Amino acid sequence: MNSKDQIQLNKLPNHVAIIMDGNGRWAKQKGMVRVFGHENGTKSVRDIVEASAEIGIKHLTLYAFSTENWKRPKLEVQTLMKLLVKSLKKEIKTLQDNNIKLSAIGNLDDLPKKAHSELLEVIDKTKNNSHMTLTLALSYGSREEIIKAVKNIAANVKNNIISIESIDESIINKHLYTQNLPDVDLLIRTSGEQRISNFLLWQIAYAELYFTDVLWPDFKKENLYEALINYQNRERRFGKTSEQLS
Ligand code: FPP
């Protein structure tokens, strides 16, 4: 039995989020420049989007570019933005054929004009798709997202739109970029690093964390299946005891 057959389809995580890491090291290992790693990283993006849709995951969120990534060398940033535009143009048909809705979170106004307009166009064209939502985190930082939410909620209190007493988890959720997404169930990070790097801090409160040494350009369908099987073998207690769950 291959690993795909071992996945229990009735126990899939509803929302999988991935920190795609290791492109630079993958390229270096091959004696190539970093952007070669990013180019090959886009092939893994395709593979994982396809595998997730095939298997029936409803929400997939990919950390494609953080607010901190703007500090990288100019040429690398430009290449990443070009790769984004190229991938969007190339994959729109795949998204449509597979009924996948594209969405994005982050400070999208920071993106270069071309990337911004291409992104909005694909988001608009796929807005009625319903099989899976693919969310790209672009110029995304979780602390920044939380600060924005706090400011908006404070303004609503000041303007008597909501009361302080009414502030609860759902109000906070409604003010985050992820307002239309459920909490993350499974967070995967590739490349052996075991940290969160300012990604979805609020949304991963109860997520299962899965770290793998595999570098992102080598992370393919089989690796996703392994992560899903690992997830399915865990007991998610949400603060309760094992006995309470059974
Ligand atoms: C981390 O590897 C990867 C990124 C910062 C960018 C991820 C981008 C892609 C996979 C390609 C474009 C994405 C889309 C959605 C088309 P790293 O550069 O930090 O690797 P390192 O830690 O080995 O240096």
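In listed order, ligands and their atoms are each counted from 1. Only a predicted model underlies this, so the values are computations on that prediction, with no experimental measurement involved.
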Query raised in the report: For the atom pair CG (L136) and OG (S87), what is the distance rounded to the nearest 0.5 Å?
Result: 9.0 Å
Report task. Find the distance between OG1 (T178) and CH2 (W202) and round it off to the nearest 0.5 Å. Result -> 10.0 Å
Note: [X]-[Y] ion pair, threshold 4.0 Å (strictly below):
X: K4; Y: E222; answer: no
X: R25; Y: E193; answer: yes
X: D47; Y: K43; answer: no

Identify, by atom number and element, the atoms of ligand 1 in contact range of [X], meaning under 4.0 Å from any of its heavy atoms.
X: N69; value: 5 (C)
X: W216; value: 10 (C)
X: G24; value: 17 (P), 18 (O), 20 (O), 21 (P), 23 (O), 24 (O)
X: R25; value: 21 (P), 22 (O), 23 (O)
X: H38; value: 11 (C), 18 (O)
X: S87; value: 16 (C)

Query - K30 to W26 six-membered ring, cation-pi geometry met (6.0 Å, 45°) - result: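 Here K30 passes the 6.0 Å and 45° test against W26.
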Query raised in the report: Where the side chain of K220 meets the backbone of P217, is there a donor-acceptor pair that is under 3.5 Å apart?
Result: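 Yes, K220 side chain to P217 backbone: donor-acceptor pair under 3.5 Å.
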Query - N69 (side chain) donor-acceptor with S66 (main chain) under 3.5 angstrom - result: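 A pair under 3.5 Å: yes.
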Report task. Check whether any heavy atom of A64 sits under 4.0 Å from an atom of ligand 1. Result ->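 For ligand 1, residue contact (heavy atoms, under 4.0 Å) with A64 is present.
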Query raised in the report: For L62, is the nearest heavy atom under 4.0 Å from an atom of ligand 1?
Result: no
Taking [atom] as the reference point, the nearest protein heavy atom with its distance:
atom: atom 14 (C) of ligand 1; result: V45 CG2, 4.4 Å
atom: atom 15 (C) of ligand 1; result: L136 CD2, 3.9 Å
atom: atom 11 (C) of ligand 1; result: T42 CG2, 3.6 Å
atom: atom 9 (C) of ligand 1; result: N23 ND2, 3.8 Å

For [X], which part has a heavy atom under 4.0 Å from ligand 1: side chain, backbone, both, or neither?
X: R34; result: side chain
X: F65; result: neither
X: L88; result: neither

Query raised in the report: Once the angle between the rings of F199 and Y140 is folded into 0 to 90°, is it parallel (under 30°), tilted (30 to 60°) or perpendicular (over 60°)?
Result: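 Ring orientation of F199 relative to Y140: perpendicular.
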Query - Of the listed options M20, E68, R72, closest to atom 17 (P) of ligand 1 (non-hydrogen atoms) - result: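 Comparing heavy atoms across M20, E68, R72, the nearest one to atom 17 (P) of ligand 1 lies in R72.
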Report summary line: Between I171 and S166 the two heavy atoms that sit nearest each other are CG1-O, 3.5 Å
